[in-house]
Each structure stands twice: as structure tokens, then as C-alpha cells.
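Every chain is numbered from 1, with letters handed out A, B, ... down the list of sequences.
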Amino acid sequence: MSKRIIFHIDANSAYLSWEAVHRLQHGDPLDLRTVPSVIGGDPVTRHGIVLTKSIPAKKYNIETGESILSASAKCPELIIVRPNYSLYMQCSKAFGDILCEYSPLIEQYSIDEYFVDFSNMGRLYKDPVEVAYIIKDRIKNELGFTVNVGVSTNKILAKMASELKKPDMVHTIFPDEIPDKMWVLPIEELFMVGRATAKKLRSRSINTIGDLANYDPKLIKLFLKSHGTLVWNYANGYEASPVRENRRPMIKGIGNSTTISFDVEDRRTAHLVLLSLTETVATRLRQSGYCARLVSVSLRTNEFYNCSHQRKIYSAIDCTNAIHEIACELFDELWKGQPVRHLGVRVSELCENDFQQIALFEKNYEKQRTVDRTVDSIRKRFGNGSVFRSSFLNSGVRFSSGGTMDDEEYPMMSSLL
DNA sequence: TCTGGGGTCCTAGGACCC
DNA sequence: TCTGGGGTCCTAGGACCC
């Protein structure tokens, strides 16, 4: 049995590179990648954070996630481009299509990352690292953007390898290279070590991945519980999950949330925002063929206090009105009158909607479900704005918030490796 | 740090049952 | 109600990923 070979391929500064390529293809002489630039939202509507930065922008210490305002302060000539998600979907797919030519087993991990299982391909190709270079160069030449490829024997090591030096590089972290290439890195660089875990580890003088790897796993488990065991395993390169095709990923929940462009101070407006969020959640729920047994509402106040409220429902539902009604009740129970900055609606505990449990309960939603299906099909044919509720007229609230990903077979981010 | 939006999983505490 | 222990379900919140 030959050993496993896994590639992790990561598009460099994905959104920004894709936007840059798109502009060059449409005759723009400027390559955004060569100047300080970012993809980011609009501060006027309070969506102002940096999603992706160019390498020249990085030289100004601009960080992903920081506000557009502070980024502009660091670099006054910074070019800011709004995100264009449908373009990203296309680029992501074109990227995956090339990878498919090299192995029958690939997994999309996020919009800009794929895993490829290259085990047992030795008969076709002799050196996997050579193939990694070929893939990298093909994507650059044919699609115009660069990627990093990480090569190893499992997913975590391949992923850690692809994050080493960027851009346009191939790296390996084979097990015997772990001490030299991975253990020297600061603890924050390890997959699944975020801010909170890094702080706890550093408080115990665990500063590098190597410190963690060589620590007593029993002690790690004692103070970080199961998450401690997980990161200790990762630090040692222990991980064995398969690359799995994501034909139809088993989704766990569907949510939609938004930062509202103004602070909501009254119940009526809040309910209207919840309706606009519910419209897309419910549409996506019906499109995916599920009903939900749990509805949650989340809320952020103007002082950035977050809280949430959820309710289990005993008849699984997929109706816009039914979900909205519960969302409003949850909001009313949660809200203490503070100005509201952000609202979210989420459904989970999904089950197939082809079963008749729906009709068995106190409220017969059958008629409502027929209406929903009709509206869904009208929107599908004539666009999302073709039908909307009159309550949104002159309300200052958009009739529908967020995309429904209609016919775009976009696999949502999968969970852990 | 005037700070988005989509996910997943884990944990802790309370209610309830036997 | 001077009172145990184990199990499951529900809810809220936290942590992580991109």
C-alpha cells in the first residue's frame, strides 16, 4: 500500500486577485495586485471592513478584518473595491475544474481552497511535487491568478504547507519535515488555534507549534478539553480524515444576518428586517428540500453587545410566514429596547421536507406552503424583486437581504477537516 | 481596531425523567 | 421535601474556520 499524498491548493488573495484578473480582461490597464488595494464593504452602510488585501497593501500593515476607515488612514491612496461574489463563484469553479484533471478525488473546502487526494496516482505521475508545480503554473497561465500548493501525507499538513511563504509557491511538510518547517512557527499559525486559544497557550509559555507538540497531552486536555486534544494532534501532524467529494454536503443550518445601515429603535422596523432576512432563509430552506425544527434570532446592539434566543418547534416548518412569526416572538422576548445594529435569523435541526409531519400540527400551513412555492417560482423566473411584500414599500428596509444562491451549486464551507 | 457574514462544533447549566 | 445519581433534552454562549 502506497502512502497517502494530499495537496491543498489555496488561491492567493483570492477576491482581490480575481477582481484584478477580471479588470485586466476587460481592458483596465491597472493590475490591482501591483498597488495598495483591498476588497471591502461600504462604511456608509456600516459594512466597512477589509475582506482581502493586495501584497502592496500589506506593506502598509493593513490587516484583513480591520475597518476600511483605519485602512485608508494607513494608506491614503488605497484603492477600495466592493466585493462581487458571483465573479468569485465563477473563478472558484474554473479553479476546481483544472484540479479535476489531476485526480478523481477533490474536495472544495472554501471558495478559494481545495484538497486533492493524489494517493495511488504514482502510475500516472512519478513525482507529486512536480505535479504540484504543473498545477500551480497551469492555473497561473490559464486563469491568470496565482495559488499556493501544499503537499503532504494528510490534510492538516498539506494545509499548513500551503500557508508557508506566499504567493505562487509549492511547499511540502512531510512528517520528517515537521520540526524544521512547522514547529518553529508561532502558535497562532496552527490551524484551529484562534485568539482565545493562543492566549491560553501563551499564558502557559507555549509560544510555538513545537512547544505545543512537545507538551504533555494530558495537561493540554486538562485545560483546553477536547479542543486541546485536537490542536495537540494537529501540532504533531496527526490527522487522518479523508478527502471527500462534496456532491451534496449535508447542511446543518441556514442563516442570514445583516448589519443594518442605521440603528433600529422600534419593534416594527425590527420585525421588517427580520422578514427580509427570513425571506432568503426560507427560500434557501425550501430550495434545499428541508424543513427546520429550530429557529434562532441573534442581535447586536449599537454597543456591540451580542445575544441570541432560539426555540425548538415540534412541527418542522419551511414557510416564510411561520419562520418569521417565531423570529418576531424571539426578538420580542430578547429585546430590551436598546438600539439594534445587527440582526440575524437562522434555522437548523433540518429534516427532509417530503414527509407529511407538517400537516399534523395545530396550524395547517399547507395553504401557506403553496403560496411560498408559487412566489419562489415567480422569483426564479423573473428575479428576486419581482414579488415582494407591500410592508417593505417606503419602509427604508430592503425587501430581501442576502443571496439565495439560486442555481449556483455552491458547496458551503464544510466543517472540520 | 467604530469593528461583515456565512458556517460548524463544543460546553455548561437547568429542566425533567426515572 | 435538608434530599442521590444518571440520563436526555433544551438553551445560551463561546470558539474556530473562511
Side-chain angles (χ1 to χ4, degrees), chain A residues 8 10-11 13-15 38-52 61-74 82-83 85 88 92 108-114 155-156 159 162-163 188 190-201 224-231 234 249-261 263 277 280-281 284 293-314 330 333-334 341-350 401-405 410-417:
Chain A
H8 179 258
D10 190 328
S13 315
Y15 293 177
V38 296
I39 302 295
D42 183 0
V44 175
T45 57
R46 311 201 292 188
H47 288 66
I49 66 157
V50 172
L51 298 170
T52 314
N61 289 320
I62 291 167
E63 306 277 351
T64 301
E66 83 174 291
S67 73
I68 295 285
L69 268 74
S70 101
S72 302
K74 290 176 181 175
R82 303 283 167 252
Y85 294 100
Y88 308 154
S92 179
Q108 181 160 24
Y109 180 66
S110 76
I111 194 161
D112 63 347
E113 287 171 69
Y114 287 86
K155 287 163 94 176
I156 187 76
K159 185 162 165 58
S162 74
E163 315 254 296
E188 290 79 10
L190 183 62
F191 182 68
M192 290 304 286
V193 174
R195 242 198 3 231
T197 306
K199 198 177 159 198
K200 288 177 198 164
L201 290 169
L224 289 180
K225 312 283 162 86
S226 66
H227 192 245
T229 305
L230 180 89
V231 294
Y234 287 177
M250 183 57 194
I251 51 169
K252 303 287 168 59
I254 296 172
N256 190 197
S257 65
T258 188
T259 296
I260 307 140
S261 56
D263 282 341
L277 293 165
T280 50
V281 167
R284 286 173 55 202
R293 301 196 130 93
L294 187 68
V295 179
S296 334
V297 164
S298 60
L299 180 159
R300 175 178 296 154
T301 70
N302 64 339
E303 292 179 318
F304 280 81
Y305 168 75
N306 296 305
C307 53
S308 67
H309 200 28
Q310 67 185 50
R311 181 171 303 152
K312 180 121 187 172
I313 41 185
Y314 292 91
L330 290 168
E333 289 165 14
L334 192 58
R341 178 188 177 89
H342 174 109
L343 281 172
V345 174
R346 165 162 210 86
V347 294
S348 49
E349 297 202 8
L350 308 183
S401 156
T404 54
M405 309 246 160
Y410 172 62
M412 286 300 180
M413 255 175 254
S414 54
S415 59
L416 287 182
L417 290 180

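- Look at OH on A:Y234: it is 11 Å from C1' on C:dC17, rounded to the nearest Å.
- Remark: A:K225 is in phosphate contact with B:dA12, judged by side-chain N or O atoms under 4.0 Å from OP1 or OP2.
- Regarding contacts with the backbone of C:dG14, every side-chain N or O of A:K199 stays at 4.0 angstrom or more from both OP1 and OP2.
- Taking every heavy atom of both residues into account, A:V347 and A:V295 meet most closely at CG1-CG2, 4.4 Å.
- Within the nucleic acid shown, A:G344 has no heavy atom closer than 4.0 Å to any nucleic acid atom.
- A donor and an acceptor atom, one from each side chain of A:R341 and A:N302, are nowhere located under 3.5 Å apart.
- Residue A:N256 has a polar side-chain atom (N or O) positioned under 4.0 Å from OP1 or OP2 of B:dG6.
- For the pair A:T197 and C:dC16, the criterion of a side-chain N or O lying under 4.0 Å from OP1 or OP2 is met.
- Considering only side-chain N and O atoms, A:Y15 lies nowhere under 4.0 angstrom from the phosphate OP1 or OP2 of B:dG5.
- A sub-4.0 Å separation between OP1 or OP2 of B:dG4 and a side-chain N or O of A:R300 is present.
- Not one side-chain nitrogen or oxygen of A:S257 sits closer than 4.0 Å to the OP1 or OP2 atom of B:dG4.
- The side chain of A:H342 contributes an N or O atom lying less than 4.0 Å from OP1 or OP2 of B:dG5.
- One interatomic measurement links the two molecules: CZ of A:F304 to P of B:dC2, which rounds to 10 Å at whole-angstrom precision.
- Judged as a salt bridge (charged side-chain N to carboxylate O under 4.0 Å, His left out), and not counting sequence neighbours, the contacts of A:R46 are A:D263.
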